[in-house]
K.L.:
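Sending over a structure as structure tokens; questions will come in a sec.
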2 protein chains.
Amino acid sequence: MAHQDAIAYQSHDHHHCIEGAMKAARQLCRQRGVQLTGQREAVLRLVWQSHRPVGAYDLLGQLPDNRNGRKPAPTTVYRALDFLREHGLVHRLDSLNAYIGCPHPGQQHDGVFLICRHCRHVQELPGERVRQTLKPLLTAQGFSPDALLMEIPGVCPRCQQDGEGA
Amino acid sequence: MAHQDAIAYQSHDHHHCIEGAMKAARQLCRQRGVQLTGQREAVLRLVWQSHRPVGAYDLLGQLPDNRNGRKPAPTTVYRALDFLREHGLVHRLDSLNAYIGCPHPGQQHDGVFLICRHCRHVQELPGERVRQTLKPLLTAQGFSPDALLMEIPGVCPRCQQDGEGA
DNA sequence: AAAGTGATGTTATATTGTTACATTATACCT
DNA sequence: AGGTATAATGTAACAATATAACATCACTTT
């Protein structure tokens, strides 16, 4: 798990990320007594093909035909994504209408997403610091938050280096 | 301007919010040498009808017919919204696909939006504290952010009081 | 086998947003 | 004022994202 966090901006053995995520997912579903079915696993695996967010219709296009030899309908993907999100295995990035695998599923979920507008790489950071900062402000307002998620667009270190800062 | 910030959760003279926003908009556009045309003003005024976010097609439905007696097309609203956003007069809330007036346009724009999932009231707070907290984290990652906006779903004080905490 | 539950399939449709191109209004210059 | 450039708006078609409603299938429990 620490793997992705640490070196996602560097080249790395992505196979390791994928298999780690799948294993974590299987374990979590077993623990919770829910089914990681074929479709759900397939969608999760597709989501994990990169550290970039993927649209629902992209996923749909990549899913294999079902046993009737037909393309699955949008509902299929959305249902799988709903399930995966419910169990914290993927996040939806509202600013992109897209989905990305969560590198530490099953844990408390505040988070900060650093979204590179050049290469679309997404790095998820833990949200503790933000939560600590915000807590008093929210309390002062009397506002009771559900989740503290933050999507930050910008340029990642790699793209800055490549002169893509603009 | 401080008006809305302070008492938006309380009942208040909303007319004051609207006219304040319109006046600020006119002034800002004059300063910047851009045109606050009829359409743009109409859209801004509609956005300011409440402290709740409004969808683009809602706005569209409320716009008067154009001089040909026809309903304006979606493009019309999106163009107006683009303009208003460009000048910081409205924000788009990605988590809702909806738009809301900015209570302090023309200023630096980090911000935190407290979105009540019950009554949909939105309270915008200044983002300084969050920025201060995040700065070192982002620097450590080498990530160069464009904007720090945060949408926080939850329950507002008023709805909590009304027993709508669930 | 029957009944219940969860998962998937199927079809249609809703919602949100964009592209491309034509026309009209406004500002600017001489 | 007339002519020209630029900004704004109109129009039509369509793309992208998401949901609703209902039927079927699979698996478990009885």
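Numbers restart at 1 for each chain; the letters A, B, ... are given by sequence-line order, proteins then strands. Basis for what follows: all heavy atoms, side chains included, without hydrogens, waters or symmetry-related copies. No experiment lies behind these values; they were computed from the predicted model shown.
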K.L.:
Taking donor-acceptor contacts at under 3.5 Å, does the side chain of B:Arg79 reach the base of D:dG10?
P.N.:
yes
K.L.:
So which nucleotide from D:dA8, C:dT11, C:dT8 ends up closest to the side chain of A:Thr75?
P.N.:
C:dT11
K.L.:
For D:dT9, does either OP1 or OP2 sit under 4.0 Å from a side-chain N or O belonging to B:Arg40?
P.N.:
yes
K.L.:
To the nearest Å, give me how far apart CZ (A:Phe83) and P (C:dG6) are.
P.N.:
13 Å
K.L.:
Please determine if a side-chain N or O atom of A:Asn66 lies less than 4.0 Å away from the OP1 or OP2 oxygen of C:dT10.
P.N.:
yes
K.L.:
Tell me whether B:Tyr78 is stacked on the nucleobase of C:dT18, counting only the six-membered base ring and applying the 5.5 Å and 30° thresholds.
P.N.:
no
K.L.:
Given atom CD of B:Glu41 and atom C1' of D:dA8, what is their separation to the nearest angstrom?
P.N.:
15 Å
K.L.:
Do the side-chain N and O atoms of A:Arg32 and A:His87 include a donor-acceptor pair separated by under 3.5 angstrom?
P.N.:
yes
K.L.:
Please state how far atom CG in B:Leu93 lies from atom C1' in C:dG17, giving the value in whole angstrom units.
P.N.:
17 Å
K.L.:
Decide salt bridge (Lys or Arg N to Asp or Glu O under 4.0 Å) for B:Asp110 and B:Arg131; before the verdict, give the C-alpha distance in whole Å, the side-chain angles of both, and the deciding distance to 0.1 Å.
P.N.:
CA-CA 7 Å; B:Asp110 299 338; B:Arg131 179 159 32 84; 2.3 Å; yes
K.L.:
Of the nucleotides D:dA18, C:dG17, D:dT9, which one has an atom closest to the side chain of B:Thr37?
P.N.:
D:dT9
K.L.:
For residues A:Tyr99 and A:His91, establish whether the separation of their ring centroids is below 6.0 Å.
P.N.:
no
K.L.:
Return the value, rounded to whole Å, for the distance between atom CG of A:Leu59 and atom C1' of D:dT17.
P.N.:
13 Å
K.L.:
Kindly say if A:Gln39 contacts the phosphate of C:dA7, meaning a side-chain N or O under 4.0 Å from OP1 or OP2.
P.N.:
no
K.L.:
For C:dT10 and A:Asn68 - does any side-chain N or O of the residue sit under 4.0 Å from the phosphate oxygens OP1/OP2?
P.N.:
yes
K.L.:
Once you round it to whole Å, what is the distance between C1' of D:dA15 and CG of A:Asp58?
P.N.:
14 Å
K.L.:
With the stacking rule set at 5.5 Å and 30°, tell me whether A:Tyr57 counts as stacking on D:dT17.
P.N.:
yes
K.L.:
How close or far is atom P of C:dT11 from atom NZ of A:Lys71, stated in whole angstroms?
P.N.:
16 Å
K.L.:
Can you say whether the rings of A:Trp48 and A:His51 are parallel (under 30°), tilted (30 to 60°) or perpendicular (over 60°)?
P.N.:
perpendicular
K.L.:
I need the CG-P distance between A:Asn97 and D:dT19, as an integer number of Å.
P.N.:
10 Å
K.L.:
For B:Asp94 and D:dT17, give me the distance from atom CG to atom C1', rounded to whole Å.
P.N.:
14 Å
K.L.:
Here's a test of your reading of the structure: between A:Arg92 and B:Gln35, which maps to the more 5' nucleotide of DNA chain D?
P.N.:
B:Gln35
K.L.:
So, is B:Arg67 near the phosphate of C:dA25, with a side-chain N or O under 4.0 Å from OP1 or OP2?
P.N.:
yes
K.L.:
Measure up the A:His14 and A:His12 rings against each other and bin them: parallel (under 30°), tilted (30 to 60°), perpendicular (over 60°).
P.N.:
perpendicular
K.L.:
Verify the contact: side-chain N or O of A:Arg70 to OP1 or OP2 of C:dT8, cut-off strictly under 4.0 Å; return yes or no.
P.N.:
no
